[in-house]
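Note that the structure is predicted; figures quoted are calculated from it, not measured.
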Amino acid sequence: QLLTSKRYSIESNMPFAINHMGAIAASGVPPFIIFKLMVAIPEYGEISKEARRIVRNVEVFGMDLTSAMRNVADRTPSAEFKQFIYGIVSATETGGDLKGYLENSAKEALFDYKLKREKYLQTLSTYADFYTAVLIAAPLFFVSVLSILSLIGGEIFGLSIPTAIRLGVYVLMPLLNTVFILFIHYTQPSI
């Protein structure tokens, strides 16, 4: 559970953190300082903590930057972040274009973020159709039919019709709406 929440925090903040790192790298700042600056931004959640581990490995344990990054990459719960860190290691070790790597990574991460958002919006559209049919139209039909039946009289499942209407309106409908809201909340993707 803890690893899942860490992975969720890392992957949901990655597009924005990578974009920020790319902007910092564009000014010519070395990689270690980039990570040091990321530590000071708690809004990035677990990414800030991972950056803090890299800085700690260098400053406290005396590791070189690439070893510190590899150490953190090997322990991170997110495969995407691991791949990203190893990309920085590769660009640093080979003398590659770190700025270009961060810019491309930021573009890819933002593109993936947009795709996930669009997919989630389509899913929400389906849920909205379901909500309209089951939790708006059906209760109206239920109340209308039971109101007409109350003129005739009788019972439903051993309850008088006015009691069944009250149970439906005051108990069943709020309960179904609450369950639907909880379902939407807990099925929300990590974006």
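Atom-to-atom distance recorded for R75:CZ and E50:CD is 10.5 Å, nearest 0.5 angstrom. One distance of note links CD1 of I152 with CD1 of I148; it measures 8.0 Å at 0.5 Å rounding. Between the CZ atom of F84 and the CG atom of L102 there is a distance of 5.0 Å, given to the nearest 0.5 Å. Atom-to-atom distance recorded for L146:CG and L151:CG is 11.5 Å, nearest 0.5 angstrom. Between the OG atom of S105 and the CD atom of E80 there is a distance of 11.5 Å, given to the nearest 0.5 Å. With values rounded to the nearest 0.5 angstrom, I181 atom CD1 is found 11.5 Å from L176 atom CG.
A continuous path of Ile, Leu, Val, Met, Phe, Trp and Tyr side chains, each step under 4.5 Å between heavy atoms, connects L172 with Y131, placing both in one hydrophobic cluster. Transitive grouping of hydrophobic side chains (ILVMFWY, heavy atoms separated by less than 4.5 Å) keeps F183 and L175 in distinct clusters. Grouping the Ile, Leu, Val, Met, Phe, Trp and Tyr side chains by contacts below 4.5 angstrom, directly or via other members, places V55 apart from M63. Both F157 and I161 are members of a single hydrophobic cluster when ILVMFWY side chains are connected at heavy-atom separations under 4.5 Å. With hydrophobic clusters built from ILVMFWY side chains whose heavy atoms lie under 4.5 angstrom apart, L159 shares a cluster with V171.
The two residues A79 and E11 come nearest to each other via the heavy atoms N-OE2, 4.3 Å. Of all heavy-atom pairs spanning T187 and Y120, the tightest one is O-CE1, 4.4 Å. The heavy-atom pair separating I34 from V29 by the smallest distance is CD1-O, 3.8 Å. The shortest heavy-atom contact between V58 and L65 is CG2-CA, 4.0 Å. Annotation for Y113 and P15: closest pair CB-CG, 3.9 Å, computed over non-hydrogen atoms. Residues E43 and N13 come closest through the heavy atom pair O-OD1, 3.7 Å.
Judged as a side chain to side chain contact (heavy atoms under 4.5 Å, CB included), and not counting sequence neighbours, the contacts of A73 are K82, I85, Y86. N19 is linked by a side chain to side chain contact (heavy atoms under 4.5 Å, CB included) to A106, L110, counting only residues two or more places apart in sequence or in another chain. When the side chain to side chain contact (heavy atoms under 4.5 Å, CB included) test is applied to P139, the partners found at least two apart in sequence or on another chain are M173. For the side chain to side chain contact (heavy atoms under 4.5 Å, CB included) test, residues two or more places apart in sequence or in another chain that qualify with L37 are I24, I33.
Put simply, the side chain of S48 gets close to the backbone of M38: a donor and an acceptor are under 3.5 Å apart. Judged by distance alone, the side chain of T76 and the main-chain N or O of F81 form no donor-acceptor pair under 3.5 Å. At distances below 3.5 Å, not a single donor-acceptor pair connects side-chain atoms of S125 with backbone N or O atoms of L121. Remark: the backbone N or O of V143 is paired with a side-chain donor or acceptor of S147 at under 3.5 angstrom. When atom types are taken as modelled, the side chain of T66 and the backbone of V89 share no donor-acceptor pair closer than 3.5 angstrom.
More than 12 heavy atoms of other residues, nucleotides or ligands sit less than 6.0 Å from atom OH of Y127.
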Would you sort out whether T126 and T123 count as a side-chain contact (heavy atoms from CB on, under 4.5 Å), showing the intermediate values?
-> CA-CA 5 Å; T126 304; T123 303; 5.6 Å; no

What's the verdict on side-chain contact (heavy atoms from CB on, under 4.5 Å) for R53 and R56, showing C-alpha distance, side-chain angles and the deciding distance?
-> CA-CA 5 Å; R53 288 181 187 98; R56 179 205 61 198; 4.3 Å; yes

Going through the distances and angles, do L124 and I184 end up as a side-chain contact (heavy atoms from CB on, under 4.5 Å)?
-> CA-CA 8 Å; L124 279 180; I184 294 291; 4.1 Å; yes

Are M21 and I88 close enough, and set up right, to give a side-chain contact (heavy atoms from CB on, under 4.5 Å), and what steps lead you there?
-> CA-CA 11 Å; M21 291 172 81; I88 294 175; 4.0 Å; yes

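Applying the side-chain hydrogen bond (donor to acceptor under 3.5 Å, both in side chains) test to every pair with at least one member in residues 28-38, sequence neighbours left out, gives these pairs: K36-E59. Sorted by first then second residue, the salt bridge (charged side-chain N to carboxylate O under 4.0 Å, His left out) pairs that include residues 86-100, not counting sequence neighbours, are R70-E93.
Aromatic ring pairs are classed by plane angle as parallel below 30°, tilted from 30° to 60° and perpendicular above 60°; the pair H20 and Y44 is perpendicular.
You'll find the side chain of K49 reaches within 4.5 Å of the side chain of R52, heavy atoms only. At a threshold of 4.5 Å between non-hydrogen side-chain atoms, the residues N57 and S67 do not count as touching.
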